[in-house]
Every structure is written in structure tokens, then in C-alpha cells.
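Predicted, not measured: the structure shown is a model, and the values here were computed from it. When a ligand or atom number is given, it counts from 1 through the structure's own listing order.
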Amino acid sequence: MMDAMDAMEAGESSAPGQSAIAVDIGGTNTRVALVGPSLVPGVGQTVLEAAPTFATEQEYPTQMARLAAAVTAGLRLAERRGPGQPRGVGVALGGRIARDGACVLAAPNLRDYEGRPFVQDLSAQCGGLPVRLAHDAVCGLLAERRYGALVSVERCAYVTLSTGTGCAVHLGAADGSAGVTLSIELGHQLLDHNPRVCLCGQVGCLETYTGGRQLALRYGQPIESLPAAESLDLWRDFAAKLSIGLVNLAHLTRVERVAIGGAIALNRPGLLDALRVAVAERLRGAHLELVAASLGAQAPLIGAATLLATPENELLH
Ligand SMILES: [Zn+2]
């Protein structure tokens, strides 16, 4: 076990055919899966087996105990499937990760996780198994760049529209020789004349118009269950406000293609076209291509597994 830990700390990639336990902790639900090479040619890594989704525990110690049980079950499953032990546990989390890549710095939807040594705690609960942690949008981006809608795009972003509004950006050299991936707070940029108070404590954040949790609190029910006639204004504002955020994203980072993922995007196929129209009306002096995240709901899980083969110095937490 220590050999694997030492190799990861040295930035070495694991064997590409090896499986991994992937964990996706959202503000609402947590998913755990065994991810490994697909038998379908050209697909790359895929979810081999998924454990039952469970509601994310707001209390950190309770969540840690549930994760340890799920990872242990995943290890038993991997043993039955063979060949070989998973290379470790990759975790996608809907929150900002500290610079050390090991602690949760800020998570407005998971307050009890803030300041916790997540990597150390989970590894200790799982017999010293290697654990890597990143923002869920970073994991989505890693998956889409390696296997999905962002393959070979050196200036790109992944936006997740879900409980919150997350984003990760990759900026790389044209020849692919160097690059960096980082999460940015797309949802907590301020919009002029927006008086709404965000769950993060700021006044005027974009996410007050686009975050699933904030909209559910505003409307008294999950937005997917709102009758169509009552939600017209919501979706018009959603696309209009998010398009401002995307235009800012293009100008501030110079990304050229954005993959849109997350539960809200997956459940509302017409949203992508509305965003394309709204962005085209506003954007001048730059080009921004909006595409659907092609790995769908699997993107954060596959990206979490990909984390274990990603050198830590390519990620800027
Ligand atoms: Zn905010």
C-alpha cells in the first residue's frame, strides 16, 4: 500500500487499465462507484458498478462513516470482479478545496465539512488506501477532457448546473506540453442590480438565479417539479443571467469551449440552446462554443477516478 502512496506523491501515473473507487459528493446526493476500463473500444474509463445513491449527510462524521462503508463494499466488489486492487479512492466534492488538495476550504452547501482534513480522514477509515480530492467541476472537466466533449481542447471549461453553479477551467499550451486546471467561483460573481442574498453570504451572486438549492428555497419546491406555466420567468432569468456569467468567463479566462453538465442541464435539454442564443446576443470580441457534457451524469465519477492518474502539479486547488 505504501508503494502506491509513494508513487502518487512522486506524481507517477497508475496503470491505465487499473480500476478506482470514485465518489461524487454533491450538496444533495452522494454516489460511489467502481470505475475502470470499458470493454467498448474507444470509450476509455466507465462506471463498472455503482452503489446505491444516498442523501449526503450534512454532519461530517456521519458522512465519513457512510463513505468508509461504501468504499469497503466497493473494494469487495473489485475483488470479485478482478483483476487487481483499485488504485485508490478519487473524490469529487461540491466545494472549494484547500491549496494542499487535502482539506475542504469552503462549502456553502456542506458547512460541517469546512476545515476538515478530508483526505487524511477517509484514508484512515479505508486502511490507508490512497485518496485524492478535487472540486466536482474539476473532476467533470478532467473526464470531459480525457474522454468526452473537451478532448484536445487546450482552452476549455466545464460548468456544472446543480445544487450550486460550479465551474472549472483548463488552460494549456497549444502543444499540450503544459497546462493547469483549476476551479473558479462562476456562481459567486456579482451581477449588477441583484439584491438577492446568496447562501455564501454575499449579496448579488449569479447563483441566486442559477443554483438549484437557492431556487428551491425561493420557490418552496425543487425547480424540476414546478409546473411549466409557473416556471417560465424562472427559466428565462436563468438563461439570461447565466449568459452574463458565461460571457464574463470567455473574456476573463479566454476559454473557447464550455461543456455544460450537472443535473439541471441534464433534465432540461432546451436550456443549452437558450444559452447559446443569449450568449451570442451579448458576446463580442471573443468566441465561445457551448456544448453538452457528453459523459452526462457519469462525468464527475469518471473524473474522480481520473484524479488518481493526474499529477498533483497540474491541479491548482
Ligand atoms: Zn454567492
Side-chain angles (χ1 to χ4, degrees), residues 24-30 56 58 60 92-99 103-116 118 133-141 157-169 181-224 226 231 233-253 255 258-265 268 271 275 278-279 282 300 316-317:
D24 178 21
I25 304 174
T28 308
N29 291 313
T30 294
T56 300
Q58 288 291 323
Y60 176 82
L93 186 137
R96 202 178 313 162
I97 309 304
R99 289 183 185 187
C103 297
V104 180
L105 188 66
N109 292 306
L110 296 166
R111 287 291 187 197
D112 195 38
Y113 293 45
E114 294 178 345
R116 304 278 195 167
F118 186 99
L133 171 68
H135 193 287
D136 57 2
V138 166
C139 293
L141 188 146
Y158 175 89
V159 171
T160 176
L161 305 175
S162 188
T163 306
T165 303
C167 181
V169 169
T181 300
L182 70 158
S183 64
I184 63 168
E185 298 299 331
L186 185 78
H188 301 288
Q189 63 182 294
L190 303 183
L191 301 179
D192 206 8
H193 304 300
N194 175 14
R196 297 180 177 182
V197 179
C198 183
L199 291 174
C200 75
Q202 290 184 161
V203 176
C205 290
L206 168 63
E207 195 172 298
T208 61
Y209 286 93
T210 57
R213 184 169 175 209
Q214 300 199 48
L215 290 171
L217 289 169
R218 181 172 301 276
Y219 287 87
Q221 60 184 302
I223 51 175
E224 58 270 24
L226 277 173
S231 61
D233 287 351
L234 180 161
W235 290 110
R236 191 194 58 227
D237 283 350
F238 191 110
K241 297 296 193 286
L242 184 56
S243 73
I244 295 173
L246 293 171
V247 168
N248 290 341
L249 177 70
H251 283 305
L252 294 174
T253 67
V255 297
V258 180
I260 309 284
I264 291 176
R268 197 161 180 89
L271 180 60
L275 285 171
V279 167
R282 293 182 187 277
L316 196 59
H317 294 288

Any donor-acceptor N/O pair, [X] side chain to [Y] backbone, under 3.5 Å:
| X | Y | result |
| --- | --- | --- |
| E207 | T165 | yes |
| S183 | V138 | no |
| E114 | A106 | no |
| Q214 | G164 | no |

State, without any angle test, whether T208 and N194 hold a side-chain donor-acceptor pair at a distance under 3.5 Å. yes
Residues in salt bridge (charged side-chain N to carboxylate O under 4.0 Å, His left out) contact with R116, at least two apart in sequence or another chain: D112
If you leave out waters, which protein N, O or S atoms are less than 2.8 Å from the Zn ion (ligand 1)? H188 ND1, C198 SG, C200 SG, C205 SG
